[in-house]
Amino acid sequence: MELPPAACPPAAEVRPWQSQAPLLLEPGIHADNGLDYRHRLQATAAGWPIRGHWCVWVEPVHASGPAAIWEKRWHQAVLSALGTWQAHLPITLVEDPQRAQVQVQRRRPPLLNNRASHGRALLQLQQVQRGESWQLEPQITVLISPGQAQTAIEATSLHELGHAFGLWGHSDQAGDVMAVHAGPKPVLQLSARDQASLIWLQQQPPLQQAKP
């Protein structure tokens with residue numbers, strides 16, 4: 001879903017969100033109904049990091065010649081994953097990272113607890129002025145390693161973008177996009193449990209309004 005640039009105005013000013021509380025809180029007390037994994041999702045101290053509309057920037061292809069082939073494959077895989085989420089959420093792809101709440105970068109994530117991974121989503125909350133209004137926004141950097149097969153890049157992107165769009169938690173079932181452990185076969189479509197969890201999440205109260 002590509003909309004006019006006015007749908008994603010650039011940030012005129014950005015201020016850090018100040019809080020003494022941990023960024024992500026422990027999952028709330030929700031019963032495990034077997035139909036979704038809401039009981040595993042985490043909110044922030046300012047509320048659920050969700051939006052009615054997301055603006056996403058994906059790192060473009062920089063190389064030329066034969067080297068561009070690998071960057072194009074990465075780019076195509078990420079866009080395919082983004083297209084899957086666009087079937088469930090209002091998302092605009094933008095060319096200017098200043099217009100985005102989610103930035104997807106072609107970079108291997110650094111080690112975390114001495115463990116390597118192919119993808120990672122990093123969340124911050126920031127007070128952002130767009131136009132004349134201020135709002136508290138989730139700002140997410142998604143790191144996707146290029147050193148994978150194209151279907152693996154797509155599956156990794158699909159999972160990490162799920163975090164970026166507010167699913168901060170993991171399912172315990174391998175057939176879900178947001179499974180804590182990937183199964184032997186890449187998951188390239190949202191399961192019924194993924195969709196039900198997303199629908200529930202979008203019905204929760206969003207972040208508190210920022211003050212200038």
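Hydrogens, waters and symmetry mates play no part in the numbers below; they use all other heavy atoms, side chains included.
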Which atom pair, heavy atoms only, marks the closest approach of [X] to [Y]?
| X | Y | result |
| --- | --- | --- |
| Ala174 | Val187 | O-CG2, 3.7 Å |
| Ala77 | Ile153 | CB-CG2, 3.5 Å |
| Pro138 | Trp54 | CG-CH2, 3.6 Å |
| His88 | Thr84 | CD2-O, 3.2 Å |
| Ala63 | Ala68 | O-CB, 3.4 Å |
| Leu198 | Trp85 | CD2-CZ3, 3.8 Å |

Is there a chain of hydrophobic side chains (I, L, V, M, F, W, Y, each step under 4.5 Å between heavy atoms) that links [X] to [Y]?
| X | Y | result |
| --- | --- | --- |
| Val78 | Leu143 | no |
| Leu24 | Leu136 | yes |
| Leu93 | Leu89 | yes |
| Leu201 | Leu23 | yes |
| Val177 | Ile91 | yes |

Quick check for you: to the nearest 0.5 Å, what is the distance between [X] atom [atom1] and [Y] atom [atom2]?
| X | Y | atom1 | atom2 | result |
| --- | --- | --- | --- | --- |
| His118 | Glu160 | NE2 | CD | 11.5 Å |
| Glu154 | Gln189 | CD | CD | 8.0 Å |
| Ser117 | Ile144 | OG | CD1 | 9.0 Å |
| Trp48 | Leu41 | CH2 | CG | 5.5 Å |
| Gln139 | Gln126 | CD | CD | 5.0 Å |
| Leu123 | Thr44 | CG | OG1 | 7.5 Å |

Using only atom types and a distance under 3.5 Å, with no angle test, would you say the side chain of [X] pairs donor to acceptor with the backbone of [Y]?
| X | Y | value |
| --- | --- | --- |
| Gln42 | Leu167 | no |
| Thr156 | Ala152 | yes |
| Asn113 | Arg115 | no |
| Glu71 | His62 | yes |
| Glu59 | Arg106 | yes |
| Gln204 | Trp200 | yes |
| Trp168 | His163 | yes |

The single option from Leu122, Val58, Thr141 passing side-chain contact (heavy atoms from CB on, under 4.5 Å) against Gln105: Thr141
Sub-4.5 Å side-chain heavy-atom contact between His170 and His159: yes
Residue pair Ile199, Asp36: steps toward the side chain to side chain contact (heavy atoms under 4.5 Å, CB included) verdict: CA-CA 10 Å; Ile199 290 172; Asp36 56 41; over 6 Å; no
Evaluation steps, salt bridge (charged side-chain N to carboxylate O under 4.0 Å, His left out), between Arg130 and Glu137: CA-CA 11 Å; Arg130 299 186 187 275; Glu137 291 187 358; 2.7 Å; yes
Polar side chain donor-acceptor pair, Asp194 to Ser197, under 3.5 angstrom: no
Set of side-chain hydrogen bond (donor to acceptor under 3.5 Å, both in side chains) partners for Ser171, sequence neighbours left out: Asp176, Arg193
Residues, nucleotides or ligands: over 12 heavy atoms within 6.0 Å of Gln150 CD: yes
Heavy atoms from other residues, nucleotides or ligands near CD of Glu13 exceed 12 (cutoff 6.0 Å): yes
Set of residues satisfying side chain to side chain contact (heavy atoms under 4.5 Å, CB included) with respect to Val94, sequence neighbours excluded: Cys8, Cys55, Trp57, Thr92, Arg99, Ala100
